[in-house]
Amino acid sequence: MRLSRFFLPILRETPKEAEIVSHRLMLRAGMMRQEAAGIYAFLPLGLRVLEKVCDIVREEQNRSGAIEMLMPTIQSADLWRESGRYDVYGKEMLRIKDRHEREMLFGPTNEEMVTEIFRAYVRSYKDLPLNLYHIQWKFRDEVRPRFGLMRGREFLMKDAYSFDVDQAGATHAYNRMFVAYLRTFERMGLKAIPMIADTGPIGGNLSHEFIILASTGESEVYCHRDYLDFPIPGADVNFDDVSALQAIVNKWTSLYAATSEKHNAATFATLSTEKQVSARGIEVGHIFYFGTKYSEPMKAVVAGPDGGEKPVHMGSYGIGPSRLVAAIIEAHHDDAGIKWPEAVAPFKAIILNLKQGDSATDRAAETLYRELTGKGIDVLYDDLDARPGAKFATADLIGIPWQVLVGPKGLAEGKVEVKRRMDGGRELMTPADAVARLMQ
RNA sequence: CGGGGCAUAGCGCAGCCUGGUAGCGCAUCUGCUUUGGGAGCAGAGGGUCGCAGGUUCAAAUCCUGCUGCCCCGACCA
C-alpha cells in the first residue's frame with residue numbers, strides 16, 4: 001500500500017478528550033474516530049488491526065471445536081421476555097421500536113437468540129456437544145462510556161455458546177474455551193491471567209475473567225506471581241482429550257487469582273510477599289458456565305439415551321476484539337507511539353523513502369516495495385514528499401513492526417537500514433538482505 | 001445517576017470578567033529554498049463563535065432554556 005493512496009489521518013496534537021494512552025494513540029494514529037459518546041468509526045488502519053485480532057480469535061475458536069455463525073444485531077423483545085431478562089436488564093439495553101411499533105432491541109449479548117436457534121433444530125443428545133460462536137457488534141448503553149474503545153457503548157464481541165447433555169460435558173466445553181483463550185491472548189502478545197470472577201447479569205456459578213495487567217486497567221486484581229511465567233498450551237493441544245484439558249485448567253487455577261469483587265484479603269495474605277501481585281487489570285475475556293438458566297425457561301431440551309427430555313447445560317464465552325485493540329496498545333507502546341506485535345500489526349513493514357524525488361532513492365524504494373509486495377509481505381510504502389523527521393515520527397506513531405529506511409546516506413554503500421520498532425534495534429544491510437529478513 | 005467542567009477554523013487554544021471590524025500556534029493550499037529525527041522564507045484560503053430565545057443602538061462576550069462532549073465517583077465484553 002502506498003501511503004500517498006492510503007487514508008491515514010495522523011493527528012499531530014493530542015485531542016484533549018483522550019485520557020489514557022491507547023485512546024490517545026488510536027486517535028493520533030488515525031485508527032478511529034469518535035462519532036458519539038462511546039461509539040467509534042474504525043478508520044482503515046484501525047480496521048486492519050481489528051481484523052487481525054478477529055482472525056486470531058477465529059482461528060483459536062475453530063481449533064477448539066467451536067463453529068462460527070452470525071446472528072443479527074437487532075433482536076425481538078419477545079425472546080428476552082421468555083428468559084425473563086427483558087425487565088431485568090435495565091437501562092443498559094437499547095430498546096427500539098420498528099415501524100409497526102414492535103418492540104426490538106440492539107443486542108447486548110445473545111444467549112436468548114442462540115438458545116432459540118438451538119431448540120428449533122436440536123432434539124437429541126447425539127447432536128451434542130455443540131459450541132456456536134459469532135463475532136458481532138454489541139450495544140450496551142453504559143452510563144458513562146470512557147477510555148475510548150476500552151469502555152465504549154458499541155463494541156465488537158466474540159461470543160460463543162456451548163450446549164452439552166450434562167454438567168460433565170459442559171465442564172469440558174468450559175475447559176476448551178479456557179485453553180483456547182490462553183492461546184488467543186498469548187498470540188496477540190498479551191499475558192492474560194484467568195481469575196475467579198463475578199458472574200453478573202449473565203448468571204451461573206462458574207466463571208473466569210481473563211485479565212491482562214496494565215496500569216490503566218479498570219479494576220484492582222490480585223494474583224500469584226508465578227502465573228506470569230506459566231507456559232501456554234501449544235497449537236498441538238488435543239481439545240478432545242478431556243483429562244489433558246482438565247489438567248491444564250487445574251494448573252491455571254491452582255494459584256490465587258481474583259478480581260476485587262472476589263478478592264479474599266486473608267487468603268491473599270498467606271502468599272509470600274514476593275509472590276503477591278496486586279495490580280490493575282483489563283478484562284479481555286470472560287467465560288461462564290450457567291447450566292440450565294436459559295435452557296429451562298426457554299425449553300431447550302434434548303432426548304437422552306433413555307428417551308427422556310432434559311434441558312441442556314450451557315455456557316457462554318466472550319472476548320472483546322475492539323477492546324483488545326486498545327488493550328494491546330496499553331501493553332505495547334512508548335513515548336513515540338504504538339509498538340504492534342507482529343501478529344496484529346496493520347502492516348508488517350513500512351518503507352520510508354527519505355528523499356522522495358531523488359531518482360536513485362526513488363528507484364531503490366520502489367524496487368524494494370515491489371519486491372516485498374510480490375512476495376506477499378504486507379508493506380506500507382511512505383512515498384510522500386515529506387521530511388525524514390516527519391516520516392520517522394509517523395512510522396513510530398503507527399507502530400509498524402519493521403521500518404526500512406531508504407535514503408541517500410545508506411544507498412551510497414548500497415545499503416538500507418532496517419529498524420525494529422519493538423526494541424529500536426537497527427541494522428544496515430543490502431536491500432536483498434532486508435527482503436530476506438522480512439521473509440523470516 | 002450524583003458532582004464538576006468544556007463547547008470559538010481540521011487539531012490545540014486566547015478573546016468573555018469590563019458588549020463595539022473574531023485572533024494565535026500547528027495543520028491545509030501556492031511559490032522558492034531545503035531533505036537521515038516533526039525545516040525556512042513569502043503569500044493564500046478556511047468561522048452562521050454548539051442550538052434557541054431574551055436584554056441592548058450593538059452579543060463570542062450579559063441573562064434564560066436546551067443539546068452535545070469530557071472528567072471524578074456508584075455500575076460493566
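Proteins come first, then strands; the chains are lettered A, B, ... in the order of their sequence lines, and each starts at number 1.
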Exercise. Take nucleotides 27-39 of chain B nucleotide by nucleotide from the 5' end and write B, S or -, depending on whether a protein heavy atom sits under 4.0 Å from the base, only from the sugar-phosphate, or from neither.
Key: S------BBBBBB

Quiz item: Is there a Watson-Crick or G-U wobble partner for C1(B) with both distances under 3.5 Å, and which nucleotide is it?
Solution: G73(B)

Practice problem: Please say whether the positively charged group of R323(A), taken as NZ for Lys or CZ for Arg, lies over the ring of F155(A), i.e. under 6.0 angstrom from the six-membered ring centre and within 45 degrees of the axis. | Solution: no

Quiz item: So which nucleotide does C57(B) pair with, by the Watson-Crick or G-U wobble rule with both distances under 3.5 Å?
Solution: G20(B)

Quiz item: For the base of C70(B), is there a side-chain donor-acceptor partner from R146(A) under 3.5 Å away?
Solution: no

Quiz item: Looking only at atom C1', what distance separates U61(B) and G54(B), rounded to whole Å?
Solution: 15 Å

Practice problem: Would you kindly give the NZ-to-P distance between K138(A) and C76(B), to the nearest whole Å? | Solution: 19 Å

Quiz prompt | Nearest-neighbour nucleotide for the K16(A) side chain, C71(B), C75(B), G12(B) considered | solution = G12(B)

Quiz prompt | Aromatic ring proximity F288(A)/H286(A), centre distance under 6.0 Å | solution = yes

Practice problem: State whether Q34(A) places a side-chain N or O below 4.0 Å from either non-bridging phosphate oxygen (OP1 or OP2) of G68(B). | Solution: no

Quiz item: What integer number of Å spans the C1' atoms of C70(B) and G50(B)?
Solution: 15 Å

Practice problem: Assign the ring pair F268(A) / Y256(A) to parallel, tilted or perpendicular, where the plane angle (0 to 90°) is split at 30° and 60°. | Solution: tilted

